[in-house]
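Here is the naming used below: chain letters follow the sequence lines, and residue numbers restart at 1 for every chain.
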Amino acid sequence: MTAPAFRIDRTDRDGSVRLAFSGRFESTALAPLWSELRSEMLGSGGPFVFDLTGASAMDGGSMALLLGLKVELESARLRVEVVGATGGVSRLLAILGNAPPKPTLKGPPGRIGILDQIGQFAALIGSRFAENLTYIGDVTASAARAIVKPSTFNGRDLGRLVERTGADGLPIVLLINLLVGVTLGIQGAIQLEQYGGNIYIADLVGIVVTRSIGPLMTAIIVAGRSGAAFAAELGTMKVSEEVDAIRTIGLDPVGFLVLPRVLALCIAVPLLALFADVAGVFGGMIVGITSLDLSPDNYLDRTRIALELRHVGTGLVKSLFFGLAIAVIACRRGLATQGGAEGVGRSTTSAVVTIIFWVVVLEAIFTSLFQVFGV
Amino acid sequence: MIRVKDLAIGYGTRVLMQGLEFEVPRGDVFVILGGSGCGKSTLLRNLVGLERPLRGTIDIEGVTHFAEVGAPPRFGVMFQSGGLFGSMTLWENVALPLQTWTALEPQAIDVVVRSKLKIVGLDGYENHLPNEISGGMKKRAGIARALALDPPLLFLDEPSAGLDPISAVELDETIVTLNESLGMTTVIVTHELQSIFKIARNCIMLDREAKGIIARGDPRQLRDHSTDPRVLRFFNRQSTRSGAA
């Protein structure tokens, strides 16, 4: 380590302490000595004279440390005089030393305890409920306007959105539902084999996949892909004032941004669910062939007998509502984004969690309703 | 000292500027100017190491490879929007480089951070978050963070763009004061004429069509004595569509 390019010499005379600073001062070199110097000065009686005659240069950090010490000594009612500064040191002293430090205008951000958080959350629920109702009203009104006057609908993005949310997500939907079909098949096979009902594996997988699991898994995948993307996209637009810009040119952000996304998912999710049904059935068939000695023809014949249009239809109805819920919730979370990058992250997380919650709730509601009405 | 030799910049195969050669002497206030979209900010991103040059070398104090992650920065950079971390207070934004790269005690860091905020006129705003202050204040806070480690070299991207005239003048004065009192070399990208004449000692003017430097020197001299119609149009704020040269 090189020796510092500065010196600080102390002279005590007639009860006063004179510190002569000489050389070039850099905060990185001064820092290790600063606490020692500070303790020494606070332990001395003063008054003090800081003589900067020999200081050829000082960086901002060194001057800040020097003046910080001065303020500290003065607050201990000790007199401090800074003398002899010339050139750049004098100019820096003028910037930093002339005015007394201003008080901090605001306290540091307080730590929020768990009880405070619970209280704040409870207080938020009411206002959020009202805001969400207003938003759903806006979406409904925009949809009604678009039906009455189709020219108000922003259809330019629709094709791209359907492709992005549907076709681009198809491989992962197929793969996940194939694996779900395999899992269902294995679990079912273990039970059915005990009763000699191997062939009924096709009924089990076919009906469960088309009525519930296929649409549900598809909705969860779409929530993770497209729901998160919508929330992040609209959240970024909100924080970069693009949403405000849409408003200022006389457009309704809900109609312009939300409706195309809602329609896109109402088209894409049922279509994806259909493919998911096929993949799930195929997964079950793989298990039937490999574990239960069924032939592909047997399996498919049995599936044709077991599956009715109403099974596939109920799944598609659910998918339509899942798509609607995913788009409406994701866009709501995106448009409610506040703050910067952190706010976008919060909205995205919140969108995915809320969507999954509501998708499961809808699944339970529809399953119960279909059961009650014998569909 | 910055020395740029035979520099070509751009993205992929798209060359924005080529054959750039210039030097920035130590202690200078050097302005890179030119019209919108001519490549000023791209040149700055190359100078600070955020982009790799397509060709040529950038030598800063004898070192050509300077964009190192995991090493203390050798210069300060202020981005056009301030580039502040939104989840941190102004104090935390300025303290971060000091906490990362110095052995200063917490009390000393507090003293230094407050002094940096004072230099840019933001004393009192230590506990404000970036979204609680104006655009001009964000830029000044960005400068305070760039100054945290007392770098010998400061890069500023469009410091006064988008500010009201008073905030712009105050920011210009801060830049001049910093240069005079700390002897800091300052490289500024701007197209704000008032700022250019107030703060710049030397400049280069870039031109999109020429894909290079079309003028260099003291901006006041260029304004008063240049015969290049492109330079005169820029300084006299003339439209290219007006036909006036």
Nearest 0.5 Å, what's the [atom1]-[atom2] distance between [X] and [Y]?
X: Asp59(A); Y: Met184(B); atom1: CG; atom2: CE; answer: 8.5 Å
X: Leu92(A); Y: Ser115(B); atom1: CG; atom2: OG; answer: 8.5 Å
X: Glu132(B); Y: Leu105(A); atom1: CD; atom2: CG; answer: 11.0 Å
X: Arg91(A); Y: Asn179(B); atom1: CZ; atom2: CG; answer: 9.0 Å
X: His128(B); Y: Thr104(A); atom1: NE2; atom2: OG1; answer: 10.0 Å

Closest-packed option against chain B by number of heavy-atom pairs under 4.5 Å, given [options]:
options: Glu342(A), Met58(A), Glu26(A); answer: Glu342(A)
options: Gly61(A), Gly87(A), Ala31(A); answer: Gly61(A)
options: Ala57(A), Gly60(A), Ser35(A); answer: Gly60(A)

Q. With respect to chain A, which residue among Asn127(B), Leu149(B), Leu147(B) yields the maximal number of heavy-atom pairs within a distance under 4.5 Å?
A. Asn127(B)
Q: Select, from Pro152(B), Ala108(B), Pro130(B), the one with the greatest count of heavy-atom pairs under 4.5 Å involving chain A.
A: Ala108(B)
Q | Region of Gln338(A) that comes under 4.5 Å of a non-hydrogen atom in chain B | A | neither
Q) Is it the side chain or the backbone of Met63(A) that comes within 4.5 Å of chain B heavy atoms, both, or neither? A) neither
**Q.** Contact origin within Glu105(B) toward chain A - heavy atom pairs under 4.5 Å
**A.** side chain
Q: Would you mind reporting whether Val112(B) and Ser27(A) have side-chain heavy atoms less than 4.5 Å apart?
A: no
Q. Does atom CD of Gln117(A) have more than 12 heavy-atom neighbours, drawn from other residues, nucleotides or ligands, at distances under 6.0 Å?
A. yes
(Q) Around atom CZ of Arg164(A), are there more than 12 heavy atoms from other residues, nucleotides or ligands closer than 6.0 Å? (A) yes
